[in-house]
Amino acid sequence: MTNLELAWALEEMGDLLEIKGEEPFKVRAYHRAARSLEQFEEEASVLFCRGELEKIPGIGKNLAKKIAELLETGQSTFLNNLRREIPSGLRQMLAIPGLGAKSVRLLYEHLHVTTLDELEEAARSKRVRQVPGMGSKTELAILRGIELLRETQEKIPIGIARSLAEMFRRQLLALPGVERVEVAGSLRRGCEMVGDVDLLAAVRPGNEVLEVMAGHPQVKEVLAREENHLCLRTWTGVKVEIFLVPPEKYTVAWFYLTGSAEHRRKLQELARRQGKDPAACGLLDRLEDEGIKLDEEADIYRSLQLPFIVPELREGRGEIEAAVAGLLPRLVTLEDIKGDLHMHTRWSDGLSSIEEMVAAARQKGYAYLAITEHSRSLGVARGLSVEKLLAQQEEIRSLNRKFTDITILAGIEVDILSDGSLDYAEEILASLDLVIASIHSGFQQSEEQLMARIEAALRHPYVDILGHPTGRMLARRRPYAVDVGRIIELAAETGTILEINSSPDRLDLTAEAALRAKEYGVPVCINTDAHDCYHLDDIWYGVTTARRAWLEPQDIVNCWDLDKLQARLKRNRHKR
DNA sequence: GCCGTTTTCGGCCCGACTGTTTTCAGTCG
């Protein structure tokens with residue numbers, strides 16, 4: 001069992017205990033341990049062999065015992081008992097915004113609802129308001145929440161899909177007879193939400209891949225099984241499809257499974273216009289091979305006199321026309337990123353020191369990074385008082401004297417308060433190298449109020465970047481009521497940079513909005529918002545989103561040299 | 001549940017907002 005699987009098990013235990021009404025601190029211990037396992041570098045199974053599970057932060061005697069059982073048997077008696085005790089539908093209800101464990105338990109006790117369907121019915125028939133402490137607004141929130149869940153039902157955020165895919169990929173590769181395994185489908189195209197995880201394996205005859213994978217401990221049920229195809233559902237509810245092909249058919253199958261269907265259709269059209277047989281170009285309508293042998297995907301495009309089109313662009317949104325005209329963008333890559341401009345440290349709610357963040361940034365080959373803590377009003381995140389902010393600037397200055405290979409920018413993620421003012425006075429903001437303004441409160445305000453706040457922030461002379469512009473959380477929270485188009489116009493007018501927040505929970509701006517920003521000439525920056533040094537790796541999600549938005553290095557300020565970036569920041573402050 | 005220059009008990013992030021009340025509990029970031 002991997003750390004990720006263990007973390008999921010602990011997470012579920014925590015959720016179920018919370019619904020049961022366990023002590024909040026105990027519940028939090030489970031959730032904290034799950035986070036800790038996810039981020040722990042070494043595999044718990046290795047530590048277990050050495051009897052060192054308790055070296056993982058947040059894992060004590062009790063949790064170590066539960067993890068040991070999971071590692072030894074793939075099962076947990078404790079979790080199985082909890083699952084028997086608490087209907088699984090109750091845990092799903094926790095995902096409804098505004099419903100916590102207490103409310104879920106109350107609904108269960110009073111209305112005996114155990115599934116989302118039953119809860120929806122109870123809300124529709126106005127029975128929820130009979131529960132003490134609940135009224136019509138709660139009913140509405142439940143109905144809206146269920147609607148949100150339904151929209152994303154069967155779909156999971158890219159971050160979860162990618163971890164799961166990597167886990168299955170590694171395990172497939174370890175099986176005899178497996179030569180190659182790659183991710184395909186919408187996950188390979190970098191979509192923010194994916195319906196299932198598609199994996200394609202090149203296999204030799206006589207392998208037992210399907211037998212082994214069908215019995216995998218993560219697998220709850222086998223949805224379909226054919227000669228060369230297995231469709232599974234994991235305990236976490238994710239659909240995983242595994243396709244097997246002989247090595248010589250790999251390229252065509254990988255291309256086919258990557259999609260999108262629209263991209264394939266347009267390529268077929270092009271082939272016909274060129275008087276070619278689509279099948280002979282590897283553009284089959286189905287997965288079965290027709291004896292076409294191609295070494296790599298580029299051969300498929302080459303046969304149509306096209307340059308290679310990367311998976312992120314294969315959506316049938318003009319990429320083929322651009323390829324024909326020789327106008328494909330030179331998309332941003334991870335190597336183009338020269339720095340990360342949004343991260344937190346132990347000074348506020350981060351887990352690493354500034355020096356640890358610097359070391360991690362150096363490891364990535366960055367030339368610069370910005371430390372941007374939360375501002376004073378965000379108490380929950382230990383937002384910095386003016387005194388602490390100044391003290392941190394002093395530490396950053398001293399570190400900058402010490403390091404010659406990398407530059408630390410003293411920044412802030414300042415809250416845009418409910419009235420549109422910023423959380424520090426102008427002279428404080430003026431003393432910083434970089435100011436990100438973000439909304440962390442008053443999500444429920446009207447579009448008028450929210451837009452007035454954002455406009456005020458964008459017009460502020462010292463705001464350089466608007467952080468996570470819409471506030472959406474994938475599969476968890478809709479964007480707050482903002483007009484993204486108007487934000488982009490205002491950014492263009494005021495010279496404000498818009499953030500692509502790379503956190504796989506956010507991806508905000510979306511690829512669509514980032515593309516629109518580019519059309520308006522608004523530069524973006526791709527930031528991780530990391531709260532520890534490991535999450536600087538989340539930059540991959542932001543870069544992938546930017547690639548889906550057709551962005552090139554010149555469109556992204558943290559692909560620029562430090563001189564150019566600083567000149568831009570300075571010039572913009574003078575302009576306003 | 002975990003953890004310890006507060007060390008084997010007693011803390012553990014805390015304040016704003018919302019919806020429901022009529023003084024507050026639950027949720028969220």
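Hydrogens, waters and symmetry mates are skipped; everything else that's a heavy atom, side chains included, is used.
- The separation of B/dT21 from B/dC14, taken at their P atoms, amounts to 30 Å, rounded to a whole angstrom.
- A/Leu99 comes within 4.0 angstrom of sugar-phosphate atoms only, judged by non-hydrogen atoms across all strands, and of no base.
- Ion pairing between A/Arg150 and A/Asp117 holds under the 4.0 Å rule for side-chain N and carboxylate O.
- With hydrogens and angles disregarded, a donor-acceptor distance shorter than 3.5 Å links the side chain of A/Asn400 to the backbone of A/Ile408.
- With salt bridges taken as basic N to acidic carboxylate O contacts below 4.0 Å, none links A/Arg144 and A/Glu147.
- Using a cutoff of 4.0 Å between basic side-chain nitrogens and carboxylate oxygens, A/Arg472 and A/Glu192 are scored as salt-bridged.
- Between A/Glu69 and A/Lys66 there is no salt bridge, since none of the side-chain N atoms of the basic residue sits less than 4.0 Å from a carboxylate O of the acidic one.
- When heavy atoms are screened at a 4.0 angstrom cut-off, A/Pro132 is found touching no nucleic acid atom at all.
- Comparing the P positions of B/dC12 and B/dT6 gives a spacing of 13 Å, expressed to the nearest Å.
- If you check B/dT8 for Watson-Crick or wobble pairing at under 3.5 angstrom, you find it has no partner at all.
- Within 4.0 Å (heavy atoms only), A/Leu17 reaches no atom of the nucleic acid at all.
- As rounded to the nearest Å, B/dG29 and B/dT22 have P atoms that lie 28 Å from one another.
- Put simply, CZ on A/Arg376 is 14 Å from P on B/dA16, counting in whole angstrom units.
- Two residues, A/Gly135 and A/Ile56, neighbour DNA chain B, and the one matched to the more 5' nucleotide by heavy-atom proximity is A/Ile56.
- Each of B/dG29, B/dG1, B/dC13 was ranked by its minimum atom distance to the side chain of A/Arg382; first place goes to B/dC13.
- Among B/dC2, B/dC12, B/dG19, the nucleotide with an atom closest to any side-chain atom of A/Asn62 is B/dC2.
- We find that CG of A/Leu53 is positioned 12 Å from P of B/dC3, with the value rounded to whole Å.
- Of all nucleotides listed (B/dC12, B/dC17, B/dG1), B/dC17 comes nearest to the side chain of A/Ser418.
- The CD-P distance, from A/Glu23 to B/dG10, rounds to 14 Å in whole Å.
- Both A/Arg28 and A/Arg32 sit near DNA chain B, but only A/Arg32 has its closest nucleotide nearer the 5' end.
- Using a cutoff of 4.0 Å between basic side-chain nitrogens and carboxylate oxygens, A/Arg459 and A/Glu493 are scored as salt-bridged.
- Evaluation of A/Phe25 against the base of B/dC2 yields no stacking contact (centre distance < 5.5 Å, interplanar angle < 30° required).
- Among the atoms of the strands shown, only primed sugar atoms or phosphate atoms (P, OP1, OP2) are found under 4.0 Å from some heavy atom of A/Ala101.
- One atom, CD1 of A/Ile142, and another, P of B/dG19, lie 13 Å apart when rounded to the nearest Å.
- Less than 6.0 angstrom separates the ring centroid of A/His344 from the ring centroid of A/His342.
- Here the P atom of nucleotide B/dT27 and the CD1 atom of A/Ile19 are 11 Å apart, to the nearest Å.
- Comparing the C1' positions of B/dA16 and B/dC9 gives an interatomic distance of 32 Å, to the nearest angstrom.
- Between A/Lys66 and B/dG1 there is a side-chain N or O to OP1 or OP2 distance below 4.0 Å.
- Contact between the side-chain N/O atoms of A/Arg129 and the OP1/OP2 oxygens of B/dT20 is not found at any separation under 4.0 Å.
- Taking atom P on both nucleotides, B/dG15 is separated from B/dT20 by 25 Å, rounded to a whole Å.
- In the set B/dG26, B/dT20, B/dG29, the nucleotide with an atom closest to the side chain of A/Lys102 is B/dG26.
- Closest to the A/Leu63 side chain, of the nucleotides B/dG29, B/dC2, B/dT20, is B/dC2.
- Rounded to the nearest Å, the gap between the C1' atom of B/dG19 and that of B/dC13 is 24 Å.
- Taking atom CZ of A/Arg35 as the reference point, atom P of B/dG1 lies 18 Å away to the nearest angstrom.
- In this structure, the OH atom of A/Tyr480 is 15 Å from the P atom of B/dC17, given to the nearest Å.
- For the P atoms, the distance from B/dC17 to B/dG11 is 29 Å, rounded to whole Å.
- Side-chain proximity of A/Ser103 to the nucleotides B/dC12, B/dT27, B/dC2 is greatest for B/dT27.
- When the side-chain nitrogen and oxygen atoms of A/Thr138 are compared with OP1 and OP2 of B/dT20, one or more of them lie within a distance under 4.0 Å.
- Rounded to a whole Å, the CG atom of A/Leu417 is 12 Å from the P atom of B/dA16.
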